[in-house]
K.L.:
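Handing you a structure now.
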Amino acid sequence: MTQVILDKIQKVYSGGDVAAVDDFSLEIPTGKLVAFLGPSGCGKTTTLKMIAGLIQPTTGRILFDGEDVLPIPAEKRGAVMVFQNYLLFPYMSVGDNVGFGLKMRGVNKRVITERVAEMLALVKLPDIAKRRPTQLSGGQQQRVALARALITEPRVLLLDEPLSNLDAHLRDEMRDLILSIQRDLAVTTVFVTHDQEEAVLLADQIALMFDGLLLQYASPAEFYQRPISERAARFFGGVNFIPARRDNGMVRTDIGDFHFAAQEGERAPSGAAVMTIRPEQIRLNDSAENNSVRGRIRERIYVGTYTRYKIALGAHEIEAIRSADLPGAIGVGDEVNVHFPADRIWVVPA
Ligand SMILES: Nc1ncnc2c1ncn2[C@@H]1O[C@H](COP(=O)(O)OP(=O)(O)OP(=O)(O)O)[C@@H](O)[C@H]1O
Ligand SMILES: [Mg+2]
């Protein structure tokens with residue numbers, strides 16, 4: 001079990017004029033699963049390869065348990081990377097693929113056979129050691145790649161979009177398998193994805209990246225409750241954004257002024273800002289008078305257990321979600337009381 005620290009790492013590829021990754025610092029706690037999340041090209045794979053030792057940062061330090069690992073070559077570093085396209089050796093059997101890392105270390109054959117069987121059982125693929133990778137489905141190849149990585153008992157496991165080549169059903173199954181193995185072995189893991197939901201389901205901490213920069217590093221819940229910016233909030237499904245000004249404990253907007261319970265971790269500056277609130281935290285037609293404004297229902301989308309409303313508020317439109325169990329039908333064209341609980345309002349810099 002290993003703690004990983006990235007300390008202001010930067011990568012400028014030769015011939016590249018902008019940094020693929022810049023000023024990137026974070027701590028991956030021992031035994032935890034961290035997701036690198038962000039759109040294509042934001043530097044996720046580049047960062048992973050620097051941790052693995054497959055490429056060197058241009059500047060910055062990488063520490064495993066406090067030790068600078070940059071002088072240590074990839075094969076001795078103990079961080080193994082599982083690639084998106086698996087990269088199994090096609091002419092070797094599954095068993096030889098999985099046992100490869102131990103063979104390179106000169107481990108005795110009988111031990112390798114035992115460990116291969118253990119690993120294939122761990123990824124729930126017993127009895128296929130003799131097959132070739134080409135005789136396996138995509139999901140099975142992914143498991144073999146994972147077994148091949150785990151057999152070396154890595155200090156750090158690096159998974160580059162392990163689920164993106166799988167269909168929806170297999171993806172769920174593989175995600176659960178990765179999570180249970182990660183929890184069982186408590187191996188420090190970085191999981192790369194551009195899927196916000198996947199990151200939320202798997203990760204202890206999420207590193208949200210854009211354009212080579214770390215925008216926010218926080219727990220999944222924090223991304224919903226305390227996004228650092230409108231961009232971060234939108235990436236996590238935020239839809240309600242109203243231009244605002246902070247004024248002590250108040251947020252002033254052109255639809256009204258709202259009390260705002262400043263929250264821990266809050267970084268919004270006073271001055272120009274954006275007020276945001278999640279649709280499920282808005283209350284419609286409750287009895288609250290403060291922090292309430294009148295709005296008109298524009299659209300009503302019934303989703304079974306809840307209903308989603310689009311509501312006109314002055315020149316703005318917001319969305320609110322309401323449980324289907326609540327009494328009192330609300331229909332298109334109705335005027336409603338829209339309540340923003342003070343402790344649910346969140347303010348980010350404009
Ligand atoms: N070997 C390379 N030489 C030059 N530029 C590179 C190289 N590899 C990646 N880049 C550039 O660095 C940036 C980050 O690439 P990277 O592969 O890390 O992104 P990513 O977040 O993994 O994207 P994706 O989700 O598409 O896999 C991109 O602009 C990419 O074009
Ligand atoms: Mg990538």
Side-chain angles (χ1 to χ4, degrees), residues 4-28 33-62 69-70 73-75 77 79-88 138-139 141-142 145-146 148-149 154 156-168 170-171 174-175 178 182 188-203 205-218 220 223 227-229 231-232 234-237:
V4 176
I5 288 180
L6 307 181
D7 180 21
K8 296 203 181 70
I9 54 172
Q10 185 204 47
K11 179 67 186 178
V12 183
Y13 284 107
S14 61
D17 39 1
V18 291
V21 172
D22 207 359
D23 195 27
F24 194 103
S25 299
L26 58 74
E27 182 210 327
I28 303 167
L33 195 158
V34 166
F36 286 176
L37 173 67
S40 184
C42 73
K44 303 181 297 292
T45 300
T46 300
T47 309
L48 218 57
K49 283 180 172 169
M50 288 191 277
I51 300 172
L54 301 174
I55 56 175
Q56 288 288 71
T58 310
T59 59
R61 298 188 311 158
I62 298 177
V69 295
L70 289 184
E75 64 278 10
R77 205 178 275 190
V80 292
M81 185 153 164
V82 178
F83 293 89
Q84 186 178 350
N85 48 1
Y86 324 133
L87 297 180
L88 297 175
Q141 289 181 47
Q142 178 62 270
L146 187 62
R148 183 177 63 175
V156 183
L157 179 64
L158 304 166
L159 304 171
D160 196 0
E161 307 220 26
L163 308 181
S164 63
N165 281 342
L166 307 178
D167 67 40
L170 266 179
R171 203 154 47 222
M174 191 65 194
R175 187 191 61 222
I178 288 174
Q182 198 278 330
T188 306
T189 302
V190 182
F191 181 101
V192 166
T193 178
H194 51 252
D195 180 354
Q196 163 270 126
E197 194 180 305
E198 210 167 276
V200 167
L201 286 168
L202 277 168
Q205 290 279 112
I206 299 172
L208 180 62
M209 301 171 66
F210 285 104
D211 305 327
L213 298 170
L214 179 62
L215 181 66
Q216 185 169 6
Y217 185 47
F223 274 102
I228 201 169
S229 65
R231 197 175 198 189
R234 283 191 187 279
F235 210 87
F236 281 81

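Both backbone and side-chain heavy atoms feed into the values below; hydrogens, waters and symmetry mates do not. This one's a predicted model, so the numbers in the text were calculated from it and none came from an experiment. Ligands are counted one by one from 1 in listed order, and the atoms in each one are counted from 1 as well.
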K.L.:
As an exercise, state the distance from CZ of Phe236 to CD of Gln216, rounded to the nearest 0.5 Å.
P.N.:
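Interatomic distance, Phe236 CZ to Gln216 CD, rounded to 0.5 Å: 8.0 Å.
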
K.L.:
Any side-chain heavy atom of Lys11 sitting closer than 4.5 Å to one from Pro57?
P.N.:
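No. Closest side-chain heavy atoms not under 4.5 Å.
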
K.L.:
Is any side-chain heavy atom of Leu146 less than 4.5 Å from a side-chain heavy atom of Leu159?
P.N.:
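Yes, their side chains come closer than 4.5 Å.
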
K.L.:
To check your reading of the model: name the closest protein heavy atom to atom 28 (C) of ligand 1, its residue, and the distance in Å.
P.N.:
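Ranked first by proximity to atom 28 (C) of ligand 1 is Gly41 O, 3.7 Å.
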
K.L.:
What do we get for Glu161 next to ligand 1 when only non-hydrogen atoms under 4.0 Å count, side chain, backbone, both or neither?
P.N.:
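Only the side chain of Glu161 comes within reach of ligand 1.
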
K.L.:
Checking the N or O distance criterion of under 3.5 Å, is ligand 1 in contact with His194?
P.N.:
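No; every N/O pair is 3.5 Å or more apart.
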
K.L.:
Can you confirm whether some protein heavy atom lies under 4.0 Å from atom 13 (C) of ligand 1, or whether none does?
P.N.:
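Yes, there is one.
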
K.L.:
Tell me the protein heavy atom at minimum distance from atom 25 (O) of ligand 1, and give that distance in Å.
P.N.:
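Result: Lys44 NZ, 2.8 Å.
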
K.L.:
Counting from 1, what ligand 1 atoms have a heavy atom of Thr45 closer than 4.0 Å?
P.N.:
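Checking each atom against Thr45, I get 17 (O), 18 (O), 20 (P), 22 (O), 27 (O).
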
K.L.:
Identify which protein N/O/S atoms are less than 2.8 Å from the Mg ion (ligand 2).
P.N.:
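Result, waters dropped: Thr45 OG1.
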
K.L.:
Assess the residue pair Phe191 and Glu161 against the criterion (side-chain contact (heavy atoms from CB on, under 4.5 Å)); give the C-alpha distance rounded to whole Å, side-chain angles, the decisive distance to 0.1 Å, and a yes or no.
P.N.:
CA-CA 7 Å; Phe191 181 101; Glu161 307 220 26; over 6 Å; no

K.L.:
Is any N or O atom of Ser14, backbone or side chain, closer than 3.5 Å to an N or O atom of ligand 1?
P.N.:
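It does not: no N or O of Ser14 is found under 3.5 Å from an N or O of ligand 1.
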
K.L.:
Under a 4.0 angstrom heavy-atom cut-off, which atoms of ligand 1 come close to Thr46?
P.N.:
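Ligand 1 atoms under the 4.0 Å threshold to Thr46: 14 (C), 15 (O), 16 (P), 18 (O).
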
K.L.:
Does a side chain donor of either Asp22 or Gln10 reach within less than 3.5 Å of an acceptor in the other side chain?
P.N.:
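Distance-only check passes for Asp22 and Gln10.
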
K.L.:
Could you tell me if the side chain of Leu157 sits less than 4.5 Å from the side chain of Val190, heavy atoms only?
P.N.:
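The answer is no; the side chains never approach within 4.5 Å.
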
K.L.:
Around atom 11 (C) of ligand 1, find the nearest protein heavy atom and jot down its residue, atom name and distance.
P.N.:
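Here the nearest protein heavy atom works out to Tyr13 CE1, 3.9 Å.
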
K.L.:
Nearest to atom 26 (O) of ligand 1, what protein heavy atom do you find, and at what distance?
P.N.:
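Here the closest protein heavy atom is Ser40 OG, 2.5 Å.
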
K.L.:
I'd like to check the side chain to side chain donor-acceptor pair (under 3.5 Å) partners of Asp7; sequence neighbours left out, ordered by chain and number.
P.N.:
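Checked Asp7 against side chain to side chain donor-acceptor pair (under 3.5 Å); matches are Arg61.
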
K.L.:
Less than 6.0 angstrom separating the ring centers of Phe210 and Phe235, yes or no?
P.N.:
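Ring centroids of Phe210 and Phe235 are less than 6.0 Å from each other.
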
K.L.:
Once you round to the nearest 0.5 Å, how far does CD of Gln205 lie from CG of Leu26?
P.N.:
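Those atoms lie 9.0 Å apart.
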
K.L.:
Heavy-atom contact under 4.0 Å between Cys42 and ligand 1?
P.N.:
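Flag set, Cys42 near ligand 1.
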
K.L.:
To the closest 0.5 Å, what do you measure between CE (Met50) and OG1 (Thr58)?
P.N.:
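So the gap between those two atoms works out to 7.5 Å.
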
K.L.:
Without swapping roles, check the side chain of Gln142 against the backbone of Pro162 for a donor-acceptor pair under 3.5 Å.
P.N.:
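Pair found, side chain donor or acceptor close to backbone of Pro162.
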
